[in-house]
Amino acid sequence: MTNDLTVTRKTFDDVMVPVFAPAGFVPDRGEGSRVWDTEGRDYIDFAGGIAVTALGHAHPELLKVLHEQGSKLWHIGNGYTNEPVLRLAKRLEALTFADRAFFANSGAEANEAALKLARRVAFDRHGAQKDQIVSFTQSFHGRTFFTVSVGGQPKYSEGFGPVPAGIVHLPYNDLAAAKATIGAQTCAVIVEPIQGEGGVIPAEPAFLAGLRALCDQHGALLIFDEVQTGVGRTGHFYAYQDTGVTPDILTTAKALGNGFPIGAMLTRNELAAHFKVGVHGTTYGGNPLAAAIADKVVELISDPQLLVGVRERSELLKAKLAGLNERFGLFSDIRGKGLLIGAELNEAWKGRAKDFLTAAANHGAMMLIAGPDVLRFAPSLVMPVEDLNEGFRRIGEAIAEVVGATADAR
Ligand SMILES: *Cc1c(COP(=O)(O)O)cnc(C)c1O
């Protein structure tokens, strides 16, 4: 215990539970796609707070809602409803297949609700034996114990005791494996239309269509985890809308609140009816402050012009990566959709993604990785083109430095 409240990056190592390894600088302020650290250095933000700040930092219209709703009512508890949450539900339902929404505070909680709902529907309709949840290797669905067990990265669920039963993991994009496994015992299939954390790996359209058909055949529910791909990220409001496949349950979070915590599970009337009063719940979920902000986010991002802009920036960003690849020969693949883009390092650079991330930060650009081999870009959907250009100039410098240092070392 100490009374000295001076803090620096080093303080993190002394006072925080060490589950994260944050960058060496401390962000202090942001505007649009720029961030300034506590030393006053500026960064171009291609990380977007991990695909969250889709309208950039300090968006004036969101600030207005924050101040207005913030001076009216923050939280009231689910013994009461409130107008912002009802408006948000109506807006999301007008944009999607869904008739019903359940609001939570995060992606994991939205998925937790989705998985519990699927189990409950199967239990009510067919009985306790129909409990199998089919998920895919390398998938990511959150860090609560149920969602992390459903996620396809065993290292995240090991060492916490017995994992919930009835979960199987199949290879992603492998329809034959899905056909061989999904059956009468399957209650739900949960899939990301693009695996985000797992390496920015898009699902093949035939894979998603095949999962839909198998779910229909065997009375299982299809859950799309759109926590990362949703809210305009792929250039469509939800990624499913460009796949020809409609899920039974969709989960959304990340960009939904542009950084104010909120998540949601969306579904249809006949499924929602299985969650009766008291069957599931939350304290903060659906609070008026989060809902008012998300309502404005959804209003702004569902604008077709904004979504066209995402697809234009996507082409530009991919072209920049292709340009870097011509200069440096780093990538074996550049993939993804909209502004969720991954660049996979080739054999010569495997395992070095973190080095590029660190070098980029030193040159004033923030980006992400998706595993040790993939650079990931998930910037604001309204990133100014000048910032995109300047950001790639900086990333180019950073890459030149890493490539130069590696050549020297060889
Ligand atoms: C980030 C993410 C989650 C978890 O969301 P949290 O808000 O961190 O709980 C779940 N699914 C996918 C696909 C994600 O990208």
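Heavy atoms only: backbone and side chains are in, while hydrogens, waters and symmetry mates are out. Since we're looking at a predicted model, the values are computed, not measured. All ligand and atom numbering here is 1-based and tracks the order in the structure.
- The residues D355 and R352 are annotated as salt-bridged, a charged nitrogen and a carboxylate oxygen being separated by less than 4.0 angstrom.
- Heavy-atom proximity to A108, at under 4.0 Å, picks out these atoms of ligand 1: 4 (C), 5 (O), 6 (P), 9 (O).
- The single protein non-hydrogen atom nearest to atom 7 (O) of ligand 1 is G107 N, 2.8 Å, given as residue, atom name and distance.
- For ligand 1, the atoms sitting less than 4.0 Å from at least one non-hydrogen atom of E192 are 13 (C), numbered in the order shown with element in parentheses.
- At a heavy-atom distance under 4.0 Å, only side-chain atoms of N111, from C-beta outward, approach ligand 1.
- Within ligand 1, the atoms closer than 4.0 Å to a non-hydrogen atom of Q228 are 15 (O), numbered from 1 in the order shown.
- Seen from the ring of F25, R9 does not count as a face-on cation partner, given the 6.0 Å and 45° thresholds.
- At least one protein heavy atom sits closer than 4.0 Å to atom 11 (N) of ligand 1.
- Checked against a 3.5 angstrom limit, the closest N/O atoms of F140 and ligand 1 fall inside it.
- Close approach of ligand 1 to K254 is summarised as follows: ligand atoms under 4.0 Å from at least one heavy atom of the residue are 1 (C), 2 (C), 3 (C), 14 (C), 15 (O).
- With ligand atoms numbered from 1 in the order given, ligand 1 contributes 10 (C), 11 (N), 12 (C), 13 (C) to contacts under 4.0 Å with heavy atoms of D225.
- Interface atoms of ligand 1 facing G142, defined by a heavy-atom separation under 4.0 Å, are 4 (C), 10 (C).
- Between H280 and F102, the two ring planes are tilted [angle within 30° to 60°].
- Within ligand 1, counting atoms from 1 as listed, the ones closer than 4.0 Å to a heavy atom of S106 are 7 (O), 9 (O).
- Annotation for L316: atom CG counts as buried by contact number, over 12 foreign heavy atoms lying within 6.0 Å.
- Paired with R87 under the rule side-chain contact (heavy atoms from CB on, under 4.5 Å), one option of R91, E83, K90 passes, and it is E83.
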